[in-house]
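Written out below as structure tokens is the structure these notes cover.
Everything quoted here is computed from the prediction, not taken from an experiment. Quick note on labels: first sequence line is chain A, next is B, and so on, each numbered from 1.
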Amino acid sequence: MEVNLKTRLGPVELRHPVINASGTFDALSADLVLEADLFDRFPFSAYIPKTVTLRPREGNKPPRLYETAAGLLNSIGLANGGIDAFIKDDLPRLARLPVPVIVSVAGESTDDYGDCAGLLEAHPEVAAIELNVSCPNIELGGRSLGLDPKRTHRAVSLARSATSKFLIVKLTPNVTDIVEIAAAAADAGADCISLINTVHGMVLDHWSLKPVLGHITGGLSGPAIKPVAIRAVFLVSQALDGLPVIGMGGITTGQNALEFLAAGAAAVAVGTANFRNPLAAADIVSELGGLMQERGIGSVEELTGLAQK
Amino acid sequence: MDAGLIPASLCECPVVENRQVGAYRQVSFVAPEIAALAQPGQFMMVRLAGESLDPLLPRPMGVHDVDSDLVKMLVDPVGKGTVALAGAAVGDRLSVLGPLGNGFDLEGGGPAVLVAGGMGAAPLTMLAGALLTRGREVSCLLGFRTRSQTLAAELFQEADIEVLTEDGSAGRQGLACDPLPGLLDGQPGRTKPEIFACGPAAMLAEVARIARQQGVRAQVSVAAHMACGIGSCQGCVVKGSASYLKVCTEGPVFDAKDLEWK
């Protein structure tokens, strides 16, 4: 049986369902560091660079990372050079990638979402825009905007009126009712929901009994959070029938990807696993294909949402 | 440091030896690609190959030495990642990405003073060899907490070595930096020495202070928690004089004057 791994996010066609989670794979840096031809054997079917903000951000005070049981706590703080530098310096180089580029943006205020989307609108090499309304590591009056359905609605509306591009909204799991937030995003014009961002967490040093991160708290990723993510994908894709969902949270194997797709995702993203192995996604894609073949699942479309049937 | 990046490869490498050296484990594995390219001061991201999710991520390990197809690393088993690596048995396979980072700049001239604290001695053994090969005079100051940790005798055979321990149980009592000002004074007419240092943050800060005071260049190798090793995660940064710098791709070796010291 021939397995069809192709999938689509609205107008964005993907040759397989595995993309990267923003902030976990720097294609430009990896292209310099890793053996040649990375762009030729690029492991993802679309590429999302690290989230950019309207103004440059230095990022949080180190230490920024700590490994936990099957997980990684981080508090990078959206370190980036700002959207103008991104458009000028990075975007032309990323346009050489053999896959669509999805640009992830975050606001330090609600208005920033509209401004960032507007600045990207004129660039045809931007296939889609991801609105990161869920970074746990930047302080917006102490609350990430994605914790609140009204503010999420406002941010997505502003971006929607600034761009006709495919609009993905990335949500935080750190809420009472993620379906309510997803519905607000959809109502404001989101084309796709991406979930989940990291789970709020904190680690104390075993000896000093003080927080290990410079920022005190951080976001947890990796296999430890996979059940949290599967639930979110299941609930949101069920509630927002017809709106594609990108599922992520602890995917390290083809079996994991299979489960996220069955839970309701149209595509999946690999994040922390890229730190284990920068080419992990290539193995995940080939394992996924093998598993679908073994189980007689002919296409990603057929697989998506099987858990709900 | 602005040495060009050398393309790193990801390999599964069989362990061929694991032996006790001082308080540490010296683990040797077969990695011809890395052995051929690695420069003193570069590092690798290493974990036990396989599906286990705990430890989840590789650990940054300095290239301690290379010997034809073999690469050696020194492991101080302090956390779950390094405990796992220290326990690697002959025949086990390691997942290794490397060589990574810039390494030391060897292009300067004149005498070299190498300063190491504890495990910081690991990358300096290869450095000492490379500097001696270039005809540079090499003196090493190796500081350890106590006798059982000292690495010097078998690892720095040809260089001029002074061992210091905090408790005085081996060598001279004191810290690695204690004899440094004396070594830098030098004689009139001789080129001022260049410092190469690797060790705990407090030691590196002291090296930077002495270097600034004496007007000599100091290259320091910095350690940090890392997730990816290739510039993706931005987790390993240190404060530079103008902005945060990534230890993995902009380091791990920095000119001491380019970092902010507390």
Side-chain angles (χ1 to χ4, degrees), chain A residues 20 23-38 49-50 56-81 206 212-214 218 221-224 226 250 252-253 255-256 271-280, chain B residues 4-12 33 37 42 45-60 78-82 95-102 201 222-240 242-250:
Chain A
N20 69 296
T24 64
F25 190 88
D26 185 325
L28 299 175
S29 178
D31 187 40
L32 290 176
V33 175
L34 300 177
E35 284 177 299
D37 80 355
L38 174 70
K50 185 168 178 64
R57 289 178 55 88
E58 192 177 36
N60 289 335
K61 187 178 143 193
R64 291 176 170 182
L65 293 173
Y66 198 83
E67 185 176 319
T68 65
L72 175 67
L73 188 74
N74 89 79
S75 178
I76 308 299
L78 293 186
N80 79 97
H206 78 284
V212 295
L213 295 183
S221 66
K226 187 179 143 237
T252 62
T253 63
Q255 174 66 31
N256 295 163
T272 304
N274 297 320
F275 302 150
R276 245 167 100 77
N277 168 359
L279 300 174
Chain B
L5 292 167
I6 295 167
S9 53
L10 180 66
C11 328
E12 277 216 357
E33 296 88 347
L37 294 172
Q42 286 194 296
M45 294 299 283
V46 187
R47 65 181 173 91
L48 287 174
E51 302 301 310
S52 170
L53 297 176
D54 198 22
L56 180 65
L57 301 177
R59 294 295 185 271
V78 290
K80 70 182 174 189
T82 43
S95 165
V96 185
L97 177 65
L100 298 167
N102 55 2
V222 174
H225 284 288
M226 261 178 213
C228 70
I230 60 170
S232 283
C233 72
Q234 306 208 31
C236 63
V237 298
V238 288
K239 194 86 174 171
S243 60
Y244 283 120
L245 301 169
K246 290 191 253 187
V247 173
C248 63
T249 52
E250 294 171 276

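Only the side chain of A:Thr252 comes within contact range of chain B, with heavy atoms under 4.5 Å apart. In this structure, the portions of B:Leu57 lying under 4.5 Å from any heavy atom of chain A include both its backbone and its side chain. Looking at A:Lys50, the atoms closer than 4.5 Å to chain B (heavy atoms on both sides) all sit in the side chain, from C-beta outward. Contacts between B:Met226 and chain A at a heavy-atom distance below 4.5 Å involve the backbone alone (N, CA, C, O).
Using a distance-only test at 3.5 Å, with no hydrogens or angles considered, a donor-acceptor pair links the side chain of A:Asn80 to the main chain of A:Leu78. Judged by distance alone, the side chain of B:Ser232 and the main-chain N or O of B:Cys228 form no donor-acceptor pair under 3.5 Å.
Contact count against chain B (heavy-atom pairs under 4.5 Å) is highest for A:Pro223 among A:Gly222, A:Pro223, A:Ala224. Residue with the most contacts toward chain A among B:Lys239, B:Met45, B:Arg59: B:Arg59 (heavy-atom pairs, distance under 4.5 Å).
A side chain to side chain contact (heavy atoms under 4.5 Å, CB included) with B:Val237 is found for one member of A:Glu58, A:Lys61, A:Arg64 and no other, namely A:Arg64.
Side-chain contact between B:Tyr244 and A:Pro62 is present, with heavy atoms from C-beta onward closer than 4.5 Å.
Distance check: A:Ile76 CD1 to A:Leu65 CG gives 5.0 Å after rounding to the nearest 0.5 Å.
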